[in-house]
Number of protein chains: 2
Amino acid sequence: MCGVSQDLSTTSYALLGLLVFDGSPSAGLTGYEVKQRADKTLRFYWVSPAMSQVYTELERLARTGLVSYTEEVAGQRRARRFTITACGQQRLQEWLAEPVESFPILKHPVALRLLMAGLVGPDRARTLLQDYLEQLAVRRQDLLEVRRSLGERAAVKYPAMVADWGLDYYDSEARIVQQLLDRLPSTG
Amino acid sequence: MCGVSQDLSTTSYALLGLLVFDGSPSAGLTGYEVKQRADKTLRFYWVSPAMSQVYTELERLARTGLVSYTEEVAGQRRARRFTITACGQQRLQEWLAEPVESFPILKHPVALRLLMAGLVGPDRARTLLQDYLEQLAVRRQDLLEVRRSLGERAAVKYPAMVADWGLDYYDSEARIVQQLLDRLPSTG
DNA sequence: TGTAGCATGTAAGCCGTTACATGATTGA
DNA sequence: TCAATCATGTAACGGCTTACATGCTACA
């Protein structure tokens, strides 16, 4: 059993991970619910895939036996609830045991623009950074709510650590951006 | 002139930006040189596109008149040197003036794995984070060399600010990861 | 009665990568 | 003469998004 088939994308493993942390493993999650959980946690450290991709990935994982599902048909629609299989858990654990080859990828539209700010001048650089500070505060608030919902339960110790990591990151990012603002020539 | 044609990808703008900072604007840069500069700076804040994509993008920018090139034929090969056009500079400035809609995207394989570390235990979590600290040190060193090469010249003030941002980011990341390590149960 | 949220999917297409193929130049 | 580096590209494909299409359920 558990034929290795081909490699999975990191996003596939991420979705498997969401299914593992499913609170009610007997029932499983719908694609819609998986997407909601991805929006809540995954988007801070990876990406939250589009709805359509969630379905595509779950379908693929089902075909390769890493997840299973129960189907309920209501009228013309079917509703599927997905659960990770023993194979799926094993694959996920193997993946977690592998050395991490890749460094984090940061796609930072603000830093990219600041790099070229010589073309548009310090006023634009300033608003760029100020706008970013505002976005950062919103994000931090979103993540803080996630962190609070985790509490101090031992079962979610690692997710809590990762959330704390994210909060610290946002704080340091805000500090750095503020310092950069201080380095810009003043308007007055 | 400067027909607006369609939207460019952020990566296209990034490449245009590399051409703007070309030290010798009369001669221009080859695709190969563009790739080298991307590897040097762009990869820290965006992505360094594959060689093949660099050529594809430059070709597209040339077709829409945002870059021009001079061609030298040597034997069976042609060597093209690309320069940004006035249109290209204008488009780039317009893009820089637009409000930034998107928040940075972080694809963090280490945080993603730590999230699920409950499946594999604290020892694996520890090596995960320790390995990451090592990678981080290497990266920081790479970026530090870039920073040093920029010096304090006014012409590269903004690139220097962005490099400093990156260095501060790596430092704070290392600090946070060290704190997380301290929270893990000790092996002994 | 209509709209918001729950729920599922297909199709088209872009962005980007890896693999592959080729050739020129320089120096050990 | 062989390897490294400079240099240019094509082909195939994967991952992911947007746009589109559909239908059920609850509630205002």
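By convention in this document, chain letters (A, B, ...) are assigned in the order of the sequence lines, proteins followed by strands, and residues within each chain are numbered from 1.
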Taking any atom under 4.0 angstrom from a heavy atom of chain B, which nucleotides of DNA chain C are the first and last to qualify, 5' to 3'? C:dC15 to C:dA24
Atom pairs under 3.5 Å: protein N/O with N/O of nucleotides 23-25 of chain D:
residue, atom, partner, partner atom, Å
D:dC24, OP1, A:Gln76, OE1, 3.3

Shortest side-chain distance from B:Tyr55, nucleotide among D:dA7, D:dA11, D:dT17: D:dA7
Using a strict cut-off of less than 4.0 Å between a Lys/Arg side-chain nitrogen and an Asp/Glu carboxylate oxygen, indicate whether [X] and [Y] qualify as a salt bridge.
X: B:Asp142; Y: B:Arg147; result: no
X: A:Asp39; Y: A:Lys35; result: yes
X: A:Glu145; Y: A:Arg148; result: no
X: B:Glu152; Y: B:Lys157; result: no
X: A:Glu33; Y: A:Arg81; result: yes
X: A:Arg78; Y: A:Glu71; result: yes

For A:Leu133, what residues pass the side chain to side chain contact (heavy atoms under 4.5 Å, CB included) criterion, not counting sequence neighbours? A:Leu136, A:Ala174, A:Val177, A:Gln178, A:Leu181
List the residues meeting side chain to side chain contact (heavy atoms under 4.5 Å, CB included) with B:Ser52, not counting sequence neighbours, and say none if there are none. B:Ala50
Should the side chain of A:Ser52 and the base of D:dT18 be counted as holding a donor-acceptor pair, with the cut-off at 3.5 Å? yes
Those residues that, when tested against B:Glu173, pass salt bridge (Lys or Arg N to Asp or Glu O under 4.0 Å) (two or more places apart): none
Assign each of B:Tyr32 and B:Arg80 the nucleotide of DNA chain D bearing its closest heavy atom; nearer the 5' end lies the nucleotide of B:Tyr32
For A:Tyr132 and B:Phe103, take the angle between the two ring planes, folded into 0 to 90°, and tell me which bin it lands in: parallel under 30, tilted 30 to 60, perpendicular over 60. tilted
Ring of B:Tyr69, cation from B:Arg80 - is the NZ or CZ under 6.0 Å from the centre and inside 45° of the axis? yes
Rounding to an integer number of Å, can you tell me how far B:Leu58 CG sits from D:dT8 P? 9 Å
Rounding to a whole Å, what distance do you find between B:Glu101:CD and D:dT18:P? 12 Å
Extract from the structure each pairing of a protein N or O with an N or O of nucleotides 13-16 of chain D at less than 3.5 Å, listing the distance.
residue, atom, partner, partner atom, Å
D:dC16, OP1, A:Thr11, OG1, 3.1
D:dC16, OP2, A:Thr11, OG1, 3.3
D:dC16, OP2, A:Gln53, NE2, 2.7

